[in-house]
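Here it is, the structure in full.
Position 1 is the first residue of the sequence, and the numbers go up from there. Values in this document were obtained by computation on a predicted structure and should not be read as measured data.
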Amino acid sequence: MSSGGTARGDAGPAESGPAESGTAAWYRHFGTVDAPGNSECYAEWSVGIAEDPELLRRIDEWPHNKRQPLLMLAAARFLGAPISPYRDFRAFLDAHWADVSRTVLSRATQTNEAGRCATLLPSLAQIAAAGGRPLALIEVGASAGLTLFPDRYGYEFSAGAGAQVIRLAPDSAAPGSYPVLGCAVTGPVPLPAELPQVVWRAGIDLNPLDVRNPDDVAWLEALIWPEQDFRRERLRLAISLAQADPPLLVAGDLNDQLVGLAAKAPPDATLVVFHSAVMAYLDAEARDRFRGTMARLAAERGCHWLSNEGHMVILQADGSSVVPEMDDGRLRGRFLLLHNGRPVAITGPHGQSLEWL
C-alpha cells in the first residue's frame with residue numbers, strides 16, 4: 001500500500017496518442033506534467049524512458065502495478081544512481097538491471113511525506129474544535145507513519161508575497177528538533193490558532209516501514225525526488241521524532257484491519273481516519289467496501305474521514321469515479337482533499353499548497 005507520490009506518477013498510466021503504449025504514456029506524463037518544476041532529473045529520465053523501446057520492453061515484463069515511474073526511478077536511486085543525463089542513467093540501468101528489477105518487485109512506493117500534514121492540519125483542527133475533544137488518528141496506507149504526527153511539526157502558512165506568514169510550533173519543542181512545513185494557501189483556508197491535541201495514533205499498511213530499520217530509512221530517502229534536498233532534510237527530522245516514539249503500525253489490508261484497529265482508539269477522543277494517494281491502489285470493489293466501512297464508523301462512533309487523493313481517484317482504470325463532479329483538468333498533478341466525502345480543498349501532492357474550495 002502506498003502512502004504517497006504524485007497523482008499519476010504513482011497510480012496509473014495517462015491517456016496518450018494511439019501510437020504510444022500505456023507504459024510509454026505513463027512515463028511521458030510523469031516526465032512532462034508531474035516532474036517539471038519538481039525534479040528536472042526525473043523529467044529528463046522519464047521522457048527518455050518513454051522514447052526507449054528496449055527499456056519499455058523490460059519494464060513491461062513486470063506486473064502492471066510495478067511499472068509506475070516513481071517506483072522504478074526510486075529503485076535506481078536506492079541502488080546509487082546519481083543525478084545525471086539520461087545517457088548515463090541508461091548505462092547505470094544496463095549495469096544494474098537485475099538489482100533494479102529485484103528492488104522494484106520487492107518494494108512499493110511508500111513515500112511518507114510529512115509535508116502533507118500542512119494540508120491536513122486545518123481540517124484536523126476544525127474537527128478537534130467542533131468536537132471539543134482531542135484526536136485519535138488512523139492513517140490507512142501509513143508507510144512508516146510519519147504523517148501521524150501533525151501535532152509535533154512546525155508550520156508556515158503563506159498567502160503570497162507581502163502577506164502575513166502564519167507560524168505554528170509544537171509546545172515545548174526546541175527549534176531545529178522538528179521539521180517546519182511550508183505551505184502556500186489560497187482561498188478562505190480555516191487556519192488554526194494552535195495545533196490540535198492528538199492522544200492516540202495508529203496506521204495500517206500492507207508492508208509497514210520501520211523507522212528503526214536502516215534499510216527502510218534508506219528506501220524512504222530514495223523516494224524523495226533527486227533535487228529536493230529540503231524534503232530529504234525534513235524527512236530526516238520527522239524520522240528522528242518517530243524513532244523516539246514509534247506509532248502503532250498494523251500490517252495488512254486496510255479493509256481487513258480498519259474496524260479492529262478503530263476499536264482500540266480511546267472512546268473519549270474524536271476518531272479521524274485519513275489517507276493520501278492510497279485509493280488508486282484499490283479496485284472498485286475494494287473502494288466500495290472501504291466507503292461502507294467508513295459509513296459504519298461514522299454512524300457508530302462519529303468518525304471523520306479525510307481523503308487526500310490524486311487524479312486516479314477521479315478517473316480509475318476500471319472506469320469508476322469517486323468524485324464525478326470534480327473536473328480532472330483542474331487538478332493537474334494535484335490532490336483533492338475531501339472531508340466526509342465532500343470536496344474541501346485542492347492540495348499540493350507534497351503538502352506545498354492548499355487551495356480552499
Side-chain donor/acceptor of D205 to backbone N/O of A251, under 3.5 Å: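 No; zero donor-acceptor contacts below 3.5 Å.
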Does atom CZ of R296 have more than 12 heavy-atom neighbours, drawn from other residues, nucleotides or ligands, at distances under 6.0 Å?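 No - once you tally the heavy atoms of other residues, nucleotides and ligands closer than 6.0 Å, there are 12 at most.
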Does any part of the side chain of C303, heavy atoms only, come nearer than 4.5 Å to the side chain of M294, both counted from C-beta?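 Yes, their side chains come closer than 4.5 Å.
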Do I346 and L337 make a side-chain contact, defined as non-hydrogen atoms from C-beta onward lying under 4.5 Å apart?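 When only atoms from C-beta onward are counted, L337 and I346 do not touch, as no gap falls below 4.5 Å.
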Answer yes or no: is there a side-chain heavy-atom contact under 4.5 Å between L209 and L220?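 Heavy-atom side-chain distance check passes, below 4.5 Å.
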Check whether I239 and F230 end up in the same hydrophobic cluster, where Ile, Leu, Val, Met, Phe, Trp and Tyr are linked by side-chain heavy atoms less than 4.5 Å apart.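 In one cluster: no.
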Under 3.5 Å, is there a donor-acceptor pair between the side chain of R116 and the main chain of P349?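 Answer holds: yes.
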Minimum side-chain heavy-atom gap W200-K264 below 4.5 Å: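 Result yes, sub-4.5 Å side-chain heavy-atom pair found.
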Quick one: are L241 and Y178 in side-chain contact, heavy atoms under 4.5 Å?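 L241 reaches Y178 side chain to side chain.
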What I want to check is whether the side chains of Q68 and T109 have a donor and an acceptor closer together than 3.5 Å.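 Short answer, yes.
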Has E40 got more than 12 heavy atoms of other residues, nucleotides or ligands less than 6.0 Å from its CD?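 Enclosed.
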When you measure from the side chain of Q228 to the backbone of N38, do you find a donor-acceptor pair of N or O atoms at a distance under 3.5 Å?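 Between the backbone of N38 and the side chain of Q228 there is a qualifying donor-acceptor contact (under 3.5 Å).
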Tell me, do S276 and T347 make a side-chain contact under 4.5 Å, heavy atoms counted?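 Not in contact.
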Between H275 and E139, is there a side-chain donor-acceptor contact under 3.5 Å, judged purely by atom types and distance?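 No donor-acceptor contact under 3.5 Å links the two side chains.
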Exercise: identify the closest heavy-atom pair between G252 and I204: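 Minimum heavy-atom contact is O-CG2, 3.5 Å.
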Let's go through F157 and W356 carefully: what are the C-alpha distance in whole Å and the side-chain angles of both, what is the deciding distance for ring-ring contact (aromatic ring centres under 6.0 Å, His included) to 0.1 Å, and is it a yes or a no? CA-CA 13 Å; F157 293 101; W356 207 257; over 10 Å; no
Hydrophobic cluster membership, F274 vs V344, 4.5 Å side-chain cutoff: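 Yes, because F274 and V344 connect within a single hydrophobic cluster, where side-chain heavy atoms sit under 4.5 Å apart.
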Is any side-chain N of the basic residue among R334 and E355 closer than 4.0 Å to the acidic one's carboxylate O?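 Salt bridge flag = yes for E355 with R334.
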Transitively linked via ILVMFWY side-chain contacts under 4.5 Å: Y27 with F89?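 Linked, Y27 and F89 end up in one cluster.
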Is any side-chain N of the basic residue among D256 and R289 closer than 4.0 Å to the acidic one's carboxylate O?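 Judged by the 4.0 Å cut-off on N to carboxylate O distance, D256 and R289 do form a salt bridge.
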Please report the C-alpha distance between Y86 and V47 in whole Å, then the side-chain angles of each, then the deciding distance to 0.1 Å, and finally whether the side chain to side chain contact (heavy atoms under 4.5 Å, CB included) criterion is met. CA-CA 9 Å; Y86 179 71; V47 171; over 6 Å; no
Quick one: does any side-chain atom of E227 pair with a main-chain N or O of C41 as donor and acceptor, under 3.5 Å?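 Pair found, side chain donor or acceptor close to backbone of C41.
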Taking N112 for the side chain and G145 for the main chain, is one N or O donor matched with an acceptor at less than 3.5 Å?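 At least one qualifying donor-acceptor pair exists.
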Mind checking whether F78 and W219 have ring centres under 6.0 Å apart?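 Centroid distance F78-W219: below 6.0 Å, so yes.
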Starting at OG1 of T32, measure out to NE2 of H29 and round the result to the nearest 0.5 Å.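 Between atom OG1 of T32 and atom NE2 of H29 there are 6.5 Å.
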Distance-only polar pair, side chains of D151 and Q197, donor-acceptor under 3.5 Å: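 Q197 and D151 do not have a side-chain donor-acceptor pair below 3.5 Å.
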What do you reckon, are the aromatic ring centroids of W225 and F30 less than 6.0 Å apart?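 Distance test on ring centres: under 6.0 Å, yes.
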For a quick test of reading the model, state the closest non-hydrogen atom pair linking L121 to P150 and the distance between them.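 For L121 and P150, the tightest heavy-atom pair comes out as CD1-O, 4.3 Å.
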Could you check whether atom CG of D245 has more than 12 heavy atoms from other residues, nucleotides or ligands sitting under 6.0 Å from it?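 Atom CG in D245 is packed in, count exceeds 12.
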Any side-chain heavy-atom pair of L181 and P179 under 4.5 Å: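 Yes; the side chains approach each other to less than 4.5 Å.
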Tell me if the CD atom of Q164 is crowded by more than 12 foreign heavy atoms within 6.0 Å.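 At most 12 heavy atoms, drawn from other residues, nucleotides or ligands, come within 6.0 Å of this atom.
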Smallest separation among heavy atoms of L124 and L137, with atom names: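 So the minimum-distance heavy-atom pair works out to CD2-CD2, 4.0 Å.
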Quick check on the hydrophobic clustering: are V185 and Y153 connected, directly or via other members, by side-chain heavy-atom contacts under 4.5 Å?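 Looking at the clustering, Y153 is in the same group as V185.
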Do I127 and L135 come within less than 4.5 Å of each other through their side chains, counting heavy atoms only?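 Result yes, sub-4.5 Å side-chain heavy-atom pair found.
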Taking 4.0 angstrom as the limit, do R57 and D60 come out as a salt bridge?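 Looking at D60 together with R57, the answer is no, because their closest N to O distance does not fall below 4.0 Å.
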Side chain to side chain contact (heavy atoms under 4.5 Å, CB included) assessment of Y281 paired with N65: CA-CA 8 Å; Y281 292 86; N65 67 336; 5.7 Å; no
To the nearest 0.5 Å, tell me how far S143 OG sits from E113 CD.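 So the OG of S143 and the CD of E113 are separated by 11.0 Å.
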Ignoring hydrogens, what is the shortest heavy-atom contact between A222 and Y42? Give both atom names and the distance.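 Shortest heavy-atom separation between A222 and Y42 comes out as O-OH, 4.1 Å.
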Between R58 and D94, does at least one N-O distance fall below 4.0 Å, as a salt bridge requires?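 Salt bridge: yes.
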Give the intermediate values and the outcome of side chain to side chain contact (heavy atoms under 4.5 Å, CB included) for residues D215 and D210. CA-CA 9 Å; D215 245 17; D210 186 347; over 6 Å; no
Expected output: side-chain S240 to main-chain R236 donor-acceptor under 3.5 Å: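 No; zero donor-acceptor contacts below 3.5 Å.
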As an exercise, state the distance from NE2 of H350 to SG of C183, rounded to the nearest 0.5 Å.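 Nearest 0.5 Å value for the NE2-SG distance: 13.5 Å.
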Could you measure the distance from the CG atom of L282 to the CZ atom of R291? Nearest 0.5 Å is fine.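 Interatomic distance, L282 CG to R291 CZ, rounded to 0.5 Å: 9.5 Å.
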Rounded distance [0.5 Å steps], OG1 in T270 versus CZ in R301: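 The OG1 atom of T270 sits 8.0 Å away from the CZ atom of R301.
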Where the side chain of N340 meets the backbone of H304, is there a donor-acceptor pair that is under 3.5 Å apart?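 No: the side chain of N340 does not pair with the backbone of H304.
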Linking I/L/V/M/F/W/Y whenever any side-chain heavy atoms sit under 4.5 Å apart, do V198 and L237 land together?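 No; L237 is not reachable from V198 via cluster members.
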Residue list, salt bridge (Lys or Arg N to Asp or Glu O under 4.0 Å) with E233, at least two apart or on another chain: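 By the salt bridge (Lys or Arg N to Asp or Glu O under 4.0 Å) rule, E233 matches no residue at all.
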Main chain of V211, side chain of D216: is a donor-acceptor contact present, judged purely on distance under 3.5 Å?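 Checking the backbone N and O of V211 against the side chain of D216, no donor-acceptor pair under 3.5 Å is found.
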Applying ring-ring contact (aromatic ring centres under 6.0 Å, His included), name anything that partners W97, two or more places apart in sequence or on another chain.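 In terms of ring-ring contact (aromatic ring centres under 6.0 Å, His included), with neighbours along the sequence ignored, W97 is linked to W62.
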How close do L223 and A108 get, heavy atom to heavy atom, and via which atoms?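 Distance-wise, the nearest heavy atoms are CD1-O, 4.4 Å.
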Interatomic distance, L338 atom CG to F335 atom CZ [nearest 0.5 angstrom]: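 Atom-to-atom, L338:CG and F335:CZ are 12.5 Å apart.
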State whether the side chain of E309 and the backbone N or O of V278 hold a donor-acceptor pair below 3.5 Å, judged by distance alone.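 Yes, because the side chain of E309 sits within donor-acceptor range (under 3.5 Å) of the backbone of V278.
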N/O donor-acceptor pair under 3.5 Å between H96 side chain and F92 backbone: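 Pair found, side chain donor or acceptor close to backbone of F92.
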Test L248 against R201 for side chain to side chain contact (heavy atoms under 4.5 Å, CB included), laying out the working first. CA-CA 7 Å; L248 169 64; R201 61 197 94 220; over 6 Å; no
Looking only at heavy atoms, what is the nearest atom pair of L271 and A265, with distance?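 Answer, listing the atom of L271 first, then A265: CD1-CB, 4.0 Å.
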